[in-house]
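The block underneath contains the structure these notes are about, expressed in structure tokens.
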Amino acid sequence: MVSDGFWTRVDVADGSEHPRKGCCMSMVVHEGKLFVYGGGVIERYYEDVHAMDLEKGVWEKLEVHRAEIVPKTLSQTAVVWNDKMVTFGGLTGSGCVNAVHELTLKGTHTWTQVTTVNQPLSRKGHAAAIYKSKMYIFYGANFRGACRSDVCALDLESRVWETVEPKSITSPSPRSGHTVATLGQKAYLFGGMTRNNGFSLEWNNDLWCFDFETEKWEELYSDPATRPKGRYSQVSWTTGKHLYIFGGDASDCTEYFNDLWRFDLETKTWEEVTFQGDAPSPRSGHGAITWGGCSYIFGGEKPKRTPRPRESRVVYSSTLYKIPHFVDTNTSLQDIAARYLVANGVSIPRPSLPQSVADKLAFLVSKSVSNRKRARPSSAAQTTDFRRKPARVCVSPHEIGVH
């Protein structure tokens, strides 16, 4: 077990409109803005879109044109392509859908229904990933919960779907509520729920790698004693050489998690990351994105501590949390703290600091001043781009339809 995580709540600016609570939403990030679409609670589903400026901490409910063409769904997916959020599938009040919609993320926010060829079957609880100009859809389930085992790809330029026939002997079992996170030409699928023989439920903790170029699956085996418990409706992301998972639930929504695990993609080993700070409580159906050297967790469904008879056993969140990607470095905690203080202009009286930390701060301050004197006008932007280079993340939302 490694101890190097520190969670914080993201402060909301005064006067900012707070988003509604819920789970099973889609989340994407584009040019420093977090977009939250759809999702819902047990009694209702949403079709609205909220956005947060991650620099300013300001939430707003977007004025969206042609919102009437978009169904109220949850457990749909979304990816970003060409300044648009592209959504697929999801669960409505009357069943699952297989429609594709696009929302412009710059300028006037407008929905468009995309006409495609060879549409795949409708579904919920699937996962999506973007690679080059194609949106890939992994697995999922129909309205009755029967799990699928197909991979479909939509060419976002020609608008033609194709079924991807894996060129490997083995592949993941049918499932829904899993997550897929990408790194380079590979996608990493973890967990999810399988409905065996249409009745018994199984919560998976296996990890698979799909290569977009070779179209082959590979199971990444690890010691069963040191891997996360089986679950679904967690979130996952990649950064550096690691895959991370957080949260989820199991045992027919009676067991919720707030553990953070990472998988070393080089050594093929799992380890649990303990954390400090204001961490999210156990939950599932939350969303996640990565931006600015941090991963952000929003919303989700949480178990109610003492539900009354005939009362819902869950509550919903609208809080945004973040955790920095310090966990992927070999930098000491002392160095990280010193660099943070310098970068944010924090002044601490020297006598209150240990000598080693004071020396480190003095060195970094002098180095920072020297670099600014030598820097060309564009260097600040280059530094910002380096610090904020986002990892890629795809999240599969929760299915509250099984409650």
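Residue indices begin at 1 and follow the sequence shown.
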Ignoring hydrogens, what is the shortest heavy-atom contact between [X] and [Y]? Give both atom names and the distance.
X	Y	value
Gly22	Tyr316	N-CB, 3.8 Å
Gly287	Val235	C-CG1, 3.9 Å
Leu156	Lys134	CD1-C, 4.4 Å
Ala51	Leu62	CB-CD2, 3.9 Å
Ser133	Trp81	CA-NE1, 3.9 Å
Glu102	Arg159	OE2-NH2, 3.6 Å

Original post:
Are more than 12 heavy atoms from other residues, nucleotides or ligands located less than 6.0 Å from atom NZ of Lys61?
Top reply: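 Open.
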**OP:** Please identify each residue that fulfils salt bridge (Lys or Arg N to Asp or Glu O under 4.0 Å) with Arg283, with sequence neighbours left out.
**Re:**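 Arg283: no salt bridge (Lys or Arg N to Asp or Glu O under 4.0 Å) contacts found.
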Subject >> Donor on one side chain, acceptor on other, Thr194 and Asn204, under 3.5 Å >> reply: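 Short answer, yes.
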Parallel, tilted or perpendicular: which fits the ring planes of [X] and [Y], with parallel below 30° and perpendicular above 60°?
X	Y	result
His126	Phe88	perpendicular
Phe138	Tyr136	parallel
Trp7	Phe246	tilted

Kindly indicate whether the side chain of [X], heavy atoms from C-beta on, has any atom under 4.5 Å from the side chain of [Y].
X	Y	answer
Tyr244	Ser295	no
Val29	Leu54	yes
Tyr256	Ser284	yes
Pro282	Phe257	no
Leu121	Arg123	yes

Original post:
Thr269 and side chain to side chain contact (heavy atoms under 4.5 Å, CB included): which partner among Asp223, Thr226, Asp264?
Top reply: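 Only one option passes, and that is Asp264.
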From [X] [atom1] over to [Y] [atom2], what is the distance, rounded to the nearest 0.5 angstrom?
X	Y	atom1	atom2	answer
Asn82	Leu105	CG	CG	11.0 Å
Glu68	Glu47	CD	CD	10.0 Å
Arg20	Arg44	CZ	CZ	8.5 Å
Thr108	Lys106	OG1	NZ	13.0 Å
Leu189	Leu207	CG	CG	8.0 Å

**OP:** Show your reasoning for whether side chain to side chain contact (heavy atoms under 4.5 Å, CB included) applies to His101 and Leu103.
**Re:** CA-CA 7 Å; His101 291 88; Leu103 176 70; over 6 Å; no
**OP:** In plain terms, say whether Asp259 and Lys229 are close enough for a salt bridge, that is, a side-chain N and a carboxylate O under 4.0 Å apart.
**Re:**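 Salt bridge absent between Asp259 and Lys229.
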Subject >> Salt-bridge contact Glu213-Lys132 (side-chain N to carboxylate O under 4.0 Å) >> reply: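 Between Lys132 and Glu213 there is a salt bridge, with a charged N closer than 4.0 Å to a carboxylate O.
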Subject >> Derivation of the side-chain hydrogen bond (donor to acceptor under 3.5 Å, both in side chains) call for Trp161 and Thr116 >> reply: CA-CA 7 Å; Trp161 285 96; Thr116 62; 3.1 Å; yes
**OP:** I would like to know whether Trp237 and Thr290 meet side-chain hydrogen bond (donor to acceptor under 3.5 Å, both in side chains); could you show each step before the answer?
**Re:** CA-CA 8 Å; Trp237 64 87; Thr290 59; over 6 Å; no
**OP:** Give me the one residue out of Tyr46, Trp111, Tyr45 that meets ring pair (Phe, Tyr, Trp, His ring centres under 6.0 Å) with Tyr37.
**Re:**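 The residue from Tyr46, Trp111, Tyr45 that satisfies ring pair (Phe, Tyr, Trp, His ring centres under 6.0 Å) with Tyr37 turns out to be Trp111.
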Original post:
Under the side chain to side chain contact (heavy atoms under 4.5 Å, CB included) criterion, do Phe263 and Lys268 qualify, and how do the steps go?
Top reply: CA-CA 7 Å; Phe263 183 81; Lys268 306 295 189 294; 3.9 Å; yes
**OP:** Answer with yes or no after comparing the ring centroid distance for Trp261 and Phe190 against a 6.0 Å cut-off, counting only values under it.
**Re:**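 Here the rings of Phe190 and Trp261 have centres that are no less than 6.0 Å from each other.
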